[in-house]
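Data first, discussion second: the structure below is written as structure tokens.
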Amino acid sequence: MSWQPAFCETKPGKTECKAQTAAGFDATHFTLHGLWPQPNGNFYCQVATADKANDNPAHWRDLPAVELDPNTRSELDQVMPGTASGLERHEWIKHGTCYGKSQQEYFSDALNLMRAVNASPVRDPFTQNTGRDLTSDQIRGAFDSAFGAGAGERVRVSCLNDRSSGRRLIGELTLGLTGPIGPNRSLSELLAASVPTNNAGCPRGLVDPVGFQ
């Protein structure tokens, strides 16, 4: 999942970044990057050669449209701002096709996980420290508090370098999950079943506020 203001500092020309506002969802909530079946490299399952060829950001809008019910589409457009650039088409073609479920189920599962994170105290260190640094230990500790002891060990922090200002920004959190994802499995259970990662990732970064700095 992404911290969208940081992503937008490095991609200011993106449609979704031009539309950012201080009152927007992505100013204070984590946003969805993707749900990635493992092992890494498990990509493009039974995908047409032409669709693979179009799977680069300049041609995402040329990929087949993702068919979702209206409520899921509305929530996805909010939680994944990159739909303005066709990100959901890319995520389905590359990762979702290997998930073993329909488009509707794939994105519904991802949104359920995002809902659990955004409704938890994990957001607090970010909203309370906007414009200041956070450490990976603080972030992992927040996951322990929200989802049980050891949950933080399943979290890796990624940072972005903002070349215009020289700042190191917290860009993404990757959560390790194991087991079938669905309405009867909690995020706490999925995290606990996963193997801890020895690599916490970026040790410290700034929580970027919305808007170009």
Side-chain angles (χ1 to χ4, degrees), residues 1-7 25-42 72 75-76 78-81 91 95-96 98-101 105-161 167-210:
M1 55 193 189
S2 300
W3 189 251
Q4 190 74 4
F7 169 79
F25 177 89
D26 52 350
T28 55
H29 294 75
F30 297 108
T31 58
L32 174 62
H33 183 170
L35 177 60
W36 304 329
Q38 297 300 302
N40 190 28
N42 187 25
T72 303
E75 184 178 3
L76 186 66
Q78 179 185 59
V79 180
M80 180 186 268
E91 290 296 325
H95 301 285
C98 300
Y99 190 62
K101 295 185 181 182
E105 291 170 310
Y106 173 69
F107 285 104
S108 291
D109 285 350
L111 288 170
N112 284 339
L113 296 173
M114 290 302 302
R115 215 177 292 125
V117 174
N118 277 321
S120 79
V122 168
R123 261 196 323 128
D124 294 345
F126 283 78
T127 58
Q128 294 169 6
N129 290 281
T130 303
R132 297 193 291 268
D133 278 4
L134 271 183
T135 67
S136 58
D137 285 344
Q138 287 174 300
I139 294 168
R140 287 178 140 202
F143 272 87
D144 284 343
S145 297
F147 297 107
E153 295 178 357
R154 280 75 174 173
V155 178
R156 186 174 71 248
V157 181
S158 300
C159 289
L160 301 167
N161 292 317
R167 300 174 304 159
R168 182 166 61 176
L169 312 175
I170 297 174
E172 291 198 332
L173 305 181
T174 303
L175 312 186
L177 311 174
T178 294
I181 297 172
N184 297 322
R185 290 294 299 277
S186 70
L187 181 54
S188 296
E189 292 173 309
L190 295 166
L191 287 164
S194 184
V195 176
T197 175
N198 294 323
N199 180 13
C202 178
R204 176 186 293 270
L206 184 135
V207 181
D208 195 43
V210 72

Worksheet item: Minimum heavy-atom separation for Leu113 to Leu177, with atom names?
Response: CD1-CD1, 3.8 Å

Discussion item. Could you report the tightest heavy-atom contact between Ala116 and Phe147, atom names first, then the distance?
Written reply: O-CZ, 3.8 Å

Worksheet item: Counting only N and O atoms by type, is there a donor-acceptor contact under 3.5 Å from the side chain of Arg156 to the main-chain atoms of Asn199?
Response: no

Discussion item. Could you check whether any side-chain heavy atom of Arg115 comes within less than 4.5 Å of a side-chain heavy atom of Glu75, counting everything from C-beta outward?
Written reply: yes

Discussion item. Is the shortest side-chain heavy-atom distance between Tyr99 and Asp109 below 4.5 Å?
Written reply: yes

Worksheet item: Which atom names give the shortest non-hydrogen contact between Ala146 and Val122, and what distance separates them?
Response: CB-CG2, 3.7 Å

Item to complete: With rounding to the nearest 0.5 Å, note down the distance linking CZ in Phe107 to CG in Leu76.
Response: 6.0 Å

Fill in: Value rounded to 0.5 Å, distance of CG in Asn112 from CZ in Arg185
13.5 Å

Worksheet item: Do Asp208 and Arg167 have side-chain heavy atoms sitting under 4.5 Å apart?
Response: yes

Discussion item. Would the distance check show the side chain of Ser194 and the main-chain N or O of Leu190 forming a donor-acceptor pair, the cut-off being under 3.5 Å?
Written reply: no

Worksheet entry | From Arg123 atom CZ to Phe30 atom CZ, the distance as rounded to the nearest 0.5 Å | 8.0 Å

Practice prompt. Find the distance between OG1 (Thr174) and NE2 (His33) and round it off to the nearest 0.5 Å.
Written response: 9.0 Å

Item to complete: Taking all heavy atoms of Asp26 and all of Pro81, pick out the closest pair and write down the distance.
Response: OD2-CG, 3.9 Å

Item to complete: To the nearest 0.5 Å, tell me how far Arg204 CZ sits from Ile170 CD1.
Response: 9.5 Å

Item to complete: Kindly indicate, with the supporting measurements, whether the criterion side chain to side chain contact (heavy atoms under 4.5 Å, CB included) is fulfilled by Phe126 and Ile139.
Response: CA-CA 9 Å; Phe126 283 78; Ile139 294 168; 3.8 Å; yes

Discussion item. Any side-chain to backbone donor/acceptor pair from Ser108 onto Glu105? Under 3.5 Å, distance only.
Written reply: no

Practice prompt. Might you point out which heavy atoms bring His95 and Leu35 nearest each other, and give the distance in Å?
Written response: CB-O, 3.7 Å

Fill in: His29 and Gln4: CA distance, side-chain angles, deciding distance, side chain to side chain contact (heavy atoms under 4.5 Å, CB included) verdict
CA-CA 8 Å; His29 294 75; Gln4 190 74 4; over 6 Å; no

Item to complete: Start with the C-alpha gap between Phe143 and Glu153, add the side-chain angles, then the distance that decides, and say whether side chain to side chain contact (heavy atoms under 4.5 Å, CB included) holds.
Response: CA-CA 9 Å; Phe143 272 87; Glu153 295 178 357; over 6 Å; no

Discussion item. Can a donor-acceptor pair be found, under 3.5 Å and without considering hydrogens, that links the side chain of Asp144 to the backbone of Ala151?
Written reply: yes

Item to complete: Please confirm whether the backbone N or O of Val207 pairs with a side-chain atom of Trp3, one donor and one acceptor, at under 3.5 Å?
Response: no

Item to complete: Under the side chain to side chain contact (heavy atoms under 4.5 Å, CB included) rule, what do Asn118 and Met1 come out as? Steps first, then yes or no, please.
Response: CA-CA 11 Å; Asn118 277 321; Met1 55 193 189; over 6 Å; no

Fill in: Euclidean distance, Leu173 CG relative to Leu175 CG, rounded to 0.5 Å
6.5 Å

Worksheet item: What are the two closest heavy atoms between Arg154 and Ala192, and how far apart are they?
Response: NH2-O, 3.3 Å

